[in-house]
Amino acid sequence: MPRAEALMPYLQRIDDRRSYSNFGPLVTELETRLAQRLGVDPDCIITVANGTAGLTLALQAVVENPSGYCLIPSWTFVATAHAVSSAGLTPFLVDVDEGSWALTPEIARDALARIDGPVAAVMPVAPFGAPMDTAAWDRFTEQTGVPVVIDAAAGHDAVRVGTSPVVVSLHATKILGAGEGGYVVCRAREAIADIKQRSNFGFRGSRDAGTVGTNAKMSEYHAAVGLAAMDAYASDLEGFRAVAAAYRERLGRRQQVAFQAGFGNEWYGSVCVARFFGADQERLMSRLDAVGISSRAWWGAGVHVQTAFADLPRLPLPVTEMLARETLGLPYFVDMTETDVERVCRVIEHAF
C-alpha cells in the first residue's frame with residue numbers, strides 16, 4: 001500500500017476542492033487512468049466501493065429475470081457466493097478445469113445440460129489473478145443467451161476487456177490496492193451506466209430512483225489511495241516479479257511442484273499459490289508454521305464446505321477437492337528478499 005507521503009498530494013487536492021464523494025474529481029481521474037491502461041473509453045469503466053458490491057451490481061445489470069441459478073465454481077473465495085445471493089440468485093456450484101483452476105465455457109455448457117431449473121447467469125472466477133478468456137465467455141453468451149459476469153477480483157494485472165462485465169477488487173490484499181474499492185469494466189456502455197446508477201441509490205441524472213440500487217460509490221479518499229498506488233505500480237510490479245522468479249527458479253524444477261500457467265512470467269497477482277502434487281496441505285502448513293513462516297489456504301476447501309453455503313445445489317467437485325488438498329499460498333510480498341524465499345523453499349524441500 002502507498003505510504004503516507006505518497007498520499008499527501010492527493011489528500012491536499014481533496015481539501016482544496018472540498019469534494020469527498022459522489023463521483024468526485026479523484027474518482028473520475030482514477031477511472032480515466034484505469035481506462036487508459038485497459039485501452040477503453042472512460043464510460044466503459046465504473047469504480048465501486050468494493051469488489052463484492054461490484055459483482056452484485058453487475059449481475060443485477062445483465063440479468064433480466066432476477067431469479068434462478070447462477071453457476072459459480074466452488075473453487076473460489078466465498079465472496080463470489082455472497083455476491084450472487086445478494087443479487088437475488090441461487091449459487092449453483094460446479095467444478096473447475098484442472099489445468100487452469102478455472103470454470104471454463106465447456107464446463108458451463110455441460111452443466112447447463114445437466115441442471116434442472118433456470119440458469120440466469122454464469123460467474124467464472126479468475127483464480128488468484130490469472131487471465132480469463134473473455135472472448136470465449138462472450139461467445140458463450142452469444143450462443144446460449146446466458147449472461148456472464150467475470151469475477152476477476154485479484155486480476156488487475158491480467159484484465160482482458162470484452163462485452164461481459166469484468167469485476168476487479170482494489171482491496172488492500174490486491175496487487176493494486178486502494179485499501180478498499182473496486183471497478184467494473186466492459187465494452188457494453190449501457191451495462192456500465194446501469195451499474196453506476198445502481199451504485200448511487202438508483203439515481204441517474206436526477207434525484208429520482210429509477211431502479212433499485214444501493215450505496216456502492218467509491219469515496220475520494222479511497223480514490224486518492226488508488227491513484228498513489230497506480231503511481232507506484234510499475235516499481236511494485238518489479239518487486240513482485242523478482243519474488244515470483246525466485247520461487248520459480250527454486251521450486252519450479254521439482255516435479256512435485258507446479259505454479260499457475262504464466263504466473264511470474266506473463267501475469268502477476270498479489271499472492272503466490274503453488275500446487276504440491278500428492279502432498280498434504282495441512283502437513284506443509286504445520287512444517288512452515290513450526291519455524292515461524294506463515295502460509296494460507298486462501299480459498300479453504302471451497303465454497304461447498306462453508307457453513308452458509310453447505311446446502312447449495314452442486315455437481316460433483318473432484319478437481320476442487322483435489323486443489324483444496326494440494327495447493328497452498330506461500331509468503332509473497334513486494335519487498336521479500338531472495339534469502340526469505342530460500343528459507344521458505346528449504347522447509348518445503350525438506351518436507352518432501
Side-chain angles (χ1 to χ4, degrees), residues 30-31 33-40 44-48 51 54-55 58 72-73 75-77 79-80 96-105 122-140 148-178 181-187 226 229-230 232-245 247-248 252 258-275 298-299 323 327 329-330 332-334:
L30 177 61
E31 290 172 352
R33 288 181 62 177
L34 288 168
Q36 290 172 343
R37 180 182 183 276
L38 296 171
V40 298
C44 291
I45 193 166
I46 181 67
T47 52
V48 286
L55 292 170
I72 67 170
W75 186 237
T76 184
F77 184 55
T80 308
V96 294
D97 172 68
E98 184 176 354
S100 66
W101 304 0
L103 168 60
T104 63
V122 179
M123 185 177 285
V125 177
F128 308 110
M132 296 290 283
D133 191 345
T134 308
W137 282 110
D138 288 345
R139 290 192 297 273
F140 172 89
V148 170
V149 173
I150 297 176
D151 179 351
H156 171 75
D157 189 61
V159 169
R160 297 172 181 172
V161 184
T163 304
S164 303
V166 178
V167 184
V168 178
S169 171
L170 298 178
H171 186 268
T173 58
K174 302 302 185 285
I175 198 164
L176 180 72
Y183 63 88
V184 187
V185 60
C186 71
R187 299 189 187 278
M230 288 196 76
Y233 186 70
S235 61
D236 285 347
L237 205 62
E238 286 299 318
F240 281 117
R241 180 179 289 113
V243 180
Y247 269 125
R248 293 183 70 93
F259 295 95
Q260 290 175 269
F263 170 74
N265 291 325
E266 302 168 10
W267 61 273
Y268 300 88
S270 58
V271 299
C272 173
V273 179
R275 181 179 176 187
W298 283 102
W299 290 349
L323 292 173
T327 61
L330 304 177
Y332 183 69
F333 46 95
V334 69

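The figures here come from the full heavy-atom set of this structure, side chains too, leaving out hydrogens, waters and symmetry mates. All figures in this text were calculated on a predicted structure; none of them were measured in a lab.
- By the side chain to side chain donor-acceptor pair (under 3.5 Å) test, Ser164 pairs with Asp138, sequence neighbours left out.
- Checked against ring pair (Phe, Tyr, Trp, His ring centres under 6.0 Å), Trp299 has the following partners two or more places apart in sequence or in another chain: Trp75, Phe128.
- Asp133 meets the side chain to side chain donor-acceptor pair (under 3.5 Å) test with no other residue; sequence neighbours excluded.
- In terms of the side chain to side chain contact (heavy atoms under 4.5 Å, CB included) criterion, residue partners of Ala232 (sequence neighbours excluded) are, by chain and number, Ser235, Asp236.
- With sequence neighbours excluded, the residues satisfying ring pair (Phe, Tyr, Trp, His ring centres under 6.0 Å) with Tyr332 are Phe240, Phe263.
- In this view, Asp97 and Ser100, Thr104, Ile107 satisfy the side chain to side chain contact (heavy atoms under 4.5 Å, CB included) rule, not counting sequence neighbours.
- Asp151 contributes atom CG, which lies 10.5 Å from atom CZ of Phe77 (distance to the nearest 0.5 angstrom).
- Taking OH of Tyr268 as the reference point, atom CD1 of Ile175 lies at 9.0 Å (rounded to 0.5 Å).
- Nearest heavy-atom pair across Tyr247 and Cys272 is CD1-SG, 4.0 Å.
- Residue Ala229 comes nearest to Gly177 through the heavy atom pair CB-O, 3.3 Å, listed as atom of the first residue, atom of the second, then distance.
- Among residues two or more places apart in sequence or in another chain, the side chain to side chain donor-acceptor pair (under 3.5 Å) test is passed with Glu98 by Arg275.
- What you find for Met132 and Leu103 is that their closest heavy atoms are CE-O, 4.3 Å.
- Checked against side chain to side chain contact (heavy atoms under 4.5 Å, CB included), Thr173 has the following partners two or more places apart in sequence or in another chain: His171.
- Residue Ser169 holds its OG atom at 10.0 Å from OH of Tyr183, rounded to the nearest 0.5 Å.
- Within the model, atoms CG of Leu55 and CE of Met123 stand 4.5 Å from one another, a figure rounded to the nearest 0.5 Å.
- In this structure, the side chain to side chain contact (heavy atoms under 4.5 Å, CB included) partners of Ala154, at least two apart in sequence or on a different chain, are Lys174.
- Not a single salt bridge (Lys or Arg N to Asp or Glu O under 4.0 Å) links Arg139 to another residue, sequence neighbours left out.
- Taking CD1 from Ile45 and CG from Leu34, the interatomic distance works out to 4.5 Å, rounded to the nearest 0.5 Å.
- Closest heavy-atom contact between Arg160 and Thr134: O-OG1, 2.7 Å.
- Contact record, Cys186 with Val161: CA-CG1, 3.8 Å, taken as the closest heavy-atom pair.
- Under the ring pair (Phe, Tyr, Trp, His ring centres under 6.0 Å) criterion, Tyr233 pairs with His156, not counting sequence neighbours.
- One finds the CZ atom of Arg248 at 7.0 Å from the CZ atom of Phe259 (value rounded to the nearest 0.5 Å).
- Scanning for side chain to side chain donor-acceptor pair (under 3.5 Å) contacts around Gln260 gives an empty result, with sequence neighbours left out.
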